[in-house]
Amino acid sequence: MNSTAKRILASSNRANGRVLCRSRLNNVHRCNLLQQQRSLASSVGLSVPEGFKDTVKKTILDHALREDSRLWQSTGDDPLDDLDLEFETTRYWPSLPPGVETIDPIAISSKEIVKLVESIRDDMLNTEHPVLQKAATYFFQSAADGGKKVRPMLVLLLSRALSDHIATAHQPVTSSSLLPPALEWQRPELPDLNRRLAEVTEIFHTASLLHDDVLDDADQRRNLPALHTQFGAKIAVLAGDFLLAKACVTLAKMGDLRTVQAMSTVLEHLVLGEVMQIRGPKADGQKSRLRVYLKKNFYKTASLMALSCKSVGFLGEYPDELIDVAYRFGKHAGMAFQLVDDALDYEGTAQHLGKPSMADLRSGLATAPVLFAAQEHTELIPMIDRKFKGNGDVERAIEIVFRSDGIERTKELAILHAERAMDALLELNPSPSRDALIQLAYRVVARTR
Amino acid sequence: MKSSAKRILAVSNRVNGRLLCRSRFNNVHRCGLLQQHRFLASSVGVSVPEGFKDTVKNTILDHALREDSRLWQSTGDDPLDDLDLEFETTRYWPSLPPGVEAIDPIAISSKEIVKLVESIRDDMLNTEHPVLQKAATYFFQSAADGGKKVRPMLVLLLSRALSDHITTTHQPVTSSSLLPTALEWQRPELPDLNRRLAEVTEIFHTASLLHDDVLDDADQRRNLPALHTQFGAKIAVLAGDFLLAKACVTLAKMGDLRTVEAMSTVLEHLVLGEVMQIRGPKADGQKSRLRVYLKKNFYKTASLMALSCKSVAFLGEYPDELIDVAYRFGKHAGMAFQLVDDALDYEGTAQHLGKPSMADLRSGLATAPVLFAAQEHTELIPMIDRKFKGSGDVERAIEIVFRSDGIERTKELAILHAERAMDALLELNPSPSRDALIQLAYRVVARTR
């Protein structure tokens with residue numbers, strides 16, 4: 001870790017530990033550093049000392065983390081309550097719940113999804129230039145999440161499932177007629193509202209990926225020329241900001257305040273999740289590490305799904321019980337999704353390329369497999385705390401994880417969350433779209449990369 | 001210009017010129033480059049080719065620029081209409097308009113502003129740690145805009161001016177009672193809504209500064225170690241995202257959809273302005289360069305003021321004519337503000353330090369002084385187009401600008417905009433807060449740094 005990073009972490013650690021370190025030596029040392037930086041900055045005609053600004057920014061992030069408990073009090077949710085699902089056992093796996101039809105979620109949503117991707121492309125990206133066309137295709141079918149557009153799919157299918165829960169006679173669900181016309185009390189433009197919500201959801205996700213590009217440790221270790229990476233950083237930030245802005249305008253125009261509030265909260269959660277990931281686990285006990293990791297997963301992944309699903313409930317002006325069903329479904333589906341991702345990082349590509357990517361480990365990230373493994377193999381704990389930066393840590397950790405039941409337990413927790421998602425849906429009256437969603441939750445945990 | 005930057009600009013130029021360049025050579029060349037990137041990327045375990053992603057991001061930005069006319073059609077504004085104010089002459093300067101009292105805007109808003117800064121600090125920044133306290137103080141009294149918190153001041157004073165326009169008897173305006181109590185038809189919590197709007201405005205401004213930090217041309221020339229800058233980039237992005245997210249949640253909670261839409265549009269404009277600044281002027285005629293520059297100023301600076309002022313009127317549920325007054329005031333005040341900034345960059349610190357900062361010129365930015373000068377001294381034009389990167393360009397440009405009337409004409413345009421801002425306000429019934437705002441517009445153009 002370079003000295004600047006050390007210094008910033010040190011001062012933030014002091015703030016966190018609430019040690020008001022006023023020792024002369026420390027203050028003098030820091031003053032000198034800042035003086036040096038200030039003179040560096042002013043010698044090239046800049047007015048703001050870099051050191052100050054970094055410290056301030058870091059403070060903002062520290063505060064973001066501390067804010068955490070207040071955050072959850074205000075929404076009335078505590079994602080910690082049930083994320084580790086201790087003492088639960090699977091009930092349906094490896095079967096579907098009884099009475100659920102096997103409907104292919106991709107088949108019935110594919111037409112709408114294609115329309116959505118085109119709509120985003122036509123509104124957001126130019127497709128006349130052949131190379132750009134290729135690039136746009138690549139980016140919007142990112143391998144990162146199987147390119148399956150899970151998030152918009154959830155929104156679109158759920159809008160149908162909620163409607164069919166209410167309506168006694170179901171229109172046949174075909175891919176040409178997925179979105180239901182508005183029910184009597186609903187706004188007539190509801191189908192379009194749902195489409196736009198699905199777009200906004202995917203755009204939020206994409207924008208966060210763009211910003212994560214800047215934040216990825218991988219950039220630093222890539223040994224690309226600094227300038228190229230820096231130029232890419234600015235473009236990444238601007239493009240992400242632009243997408244976010246367009247999405248926010250779209251949201252506002254949809255005219256539903258609860259949806260605006262929910263989706264704005266998503267933005268906050270995405271940042272919190274990223275901050276938690278950068279700062280690393282709060283190291284006070286293995287159980288605590290697992291809980292923090294699960295909470296981080298909620299913020300980074302599940303929240304967007306949970307709150308966009310909830311927004312489907314808002315837009316359709318459904319009663320509170322249904323809004324809660326929507327939220328619980330999205331939340332647990334999202335948790336399952338990320339857990340499987342984390343398991344596949346250790347295991348997934350083994351069938352295909354002969355070696356797993358281990359991207360998480362290599363970037364110092366401790367996810368469920370290694371956290372579960374550490375509950376029995378405590379020698380992992382110091383490695384986790386130093387983010388696997390020690391000599392040979394990565395290799396040793398891999399070896400221990402594969403010897404342990406870490407990956408197994410990760411998949412099991414994923415299944416438990418998927419079943420919880422299914423349980424939420426099973427509160428809805430049977431319909432093809434409801435069963436398609438249940439199938440989707442099933443496939444999330446049944447998939448290999 | 002670095003080759004990666006060249007490549008990206010080349011691609012975007014082709015897109016802009018609508019040249020569907022399919023030559024074998026170009027495609028092969030580009031494929032070659034992309035292949036190299038993909039190989040590099042995959043060799044360190046990252047799955048997305050850097051070249052593709054940069055191209056896509058740049059496409060997003062290109063599209064952002066093209067979007068421009070559509071954008072303005074949807075809101076019914078065209079900022080190009082009246083930004084260069086050709087053929088106008090000043091009417092009041094150097095006096096205030098007749099019948100306007102000399103009220104000090106800072107004096108009557110100072111208490112609220114202090115409350116605002118503290119509120120942002122307490123909510124956003126930790127102030128227990130001594131060094132962080134100093135840093136927070138510095139950052140929120142940034143020298144960049146005189147640290148005068150102009151933006152929140154506009155919001156708070158305007159809320160009072162609009163209210164006093166309606167009421168026949170005015171409560172005395174003291175600094176302890178600036179914000180008016182809600183009128184009969186208004187929401188009772190209106191004073192708090194205005195405070196929060198002022199906070200959101202300042203936070204948006206700060207967040208955009210943080211994101212702009214990610215890569216200023218100045219950063220490139222600072223020669224700081226690449227790792228430090230990248231770490232700084234991460235922090236800048238995250239902190240900016242955090243602030244933006246908090247502001248968005250706050251906005252949503254204020255419960256006014258028109259305000260959410262307006263402020264989201266600000267975000268879009270901030271990005272557009274930054275993109276226009278990065279891409280440089282579209283070089284087709286000197287008049288066009290000036291117009292593009294003025295439009296960029298609108299997006300980067302005036303839009304936030306225009307739309308936050310408009311939002312004051314939204315929140316107070318004022319009739320459309322007053323909403324328009326608010327918007328026009330903010331827009332022209334913002335244009336004046338930025339033009340004076342640009343003039344002072346050439347001139348301002350001369351009185352204080354003996355040498356102007358010329359930061360704009362040095363970063364390749366052509367602003368009003370040099371653009372006006374180029375209308376007579378056409379030898380400036382190639383220098384402008386190559387962003388003053390040629391040997392001796394900066395010095396020559398400085399010399400020519402000071403020989404010309406460029407700075408004078410810049411100040412004159414600023415005054416014209418300030419007078420337009422005053423004209424908007426003069427449509428309001430007289431009141432101390434209205435006059436304080438007129439005084440504020442006056443001071444914007446009367447100031448030296």
- [ ] To the nearest 0.5 Å, tell me how far A:Gln261 CD sits from B:Leu251 CG.
- [x] 11.0 Å
Task: Top contributor to chain B interface from A:Cys248, A:Ser208, A:Ala262 [non-hydrogen pairs under 4.5 Å] - done: A:Cys248
Task: Passing candidate, side chain to side chain contact (heavy atoms under 4.5 Å, CB included) with A:Ser264, options B:Val249, B:Val260, B:Leu244 - done: B:Val249
Open item on the list: Out of A:Val266, A:Leu270, A:Val260, return the one with the most heavy atom pairs under 4.5 angstrom to chain B.
Closed with: A:Val260
- [ ] To the nearest 0.5 angstrom, please state how far the OG1 atom of B:Thr250 sits from the CD atom of A:Glu268.
- [x] 8.0 Å
TODO: Compare all side-chain heavy atoms of A:Leu257 with those of B:Leu257 and state whether any distance is below 4.5 angstrom.
DONE: yes
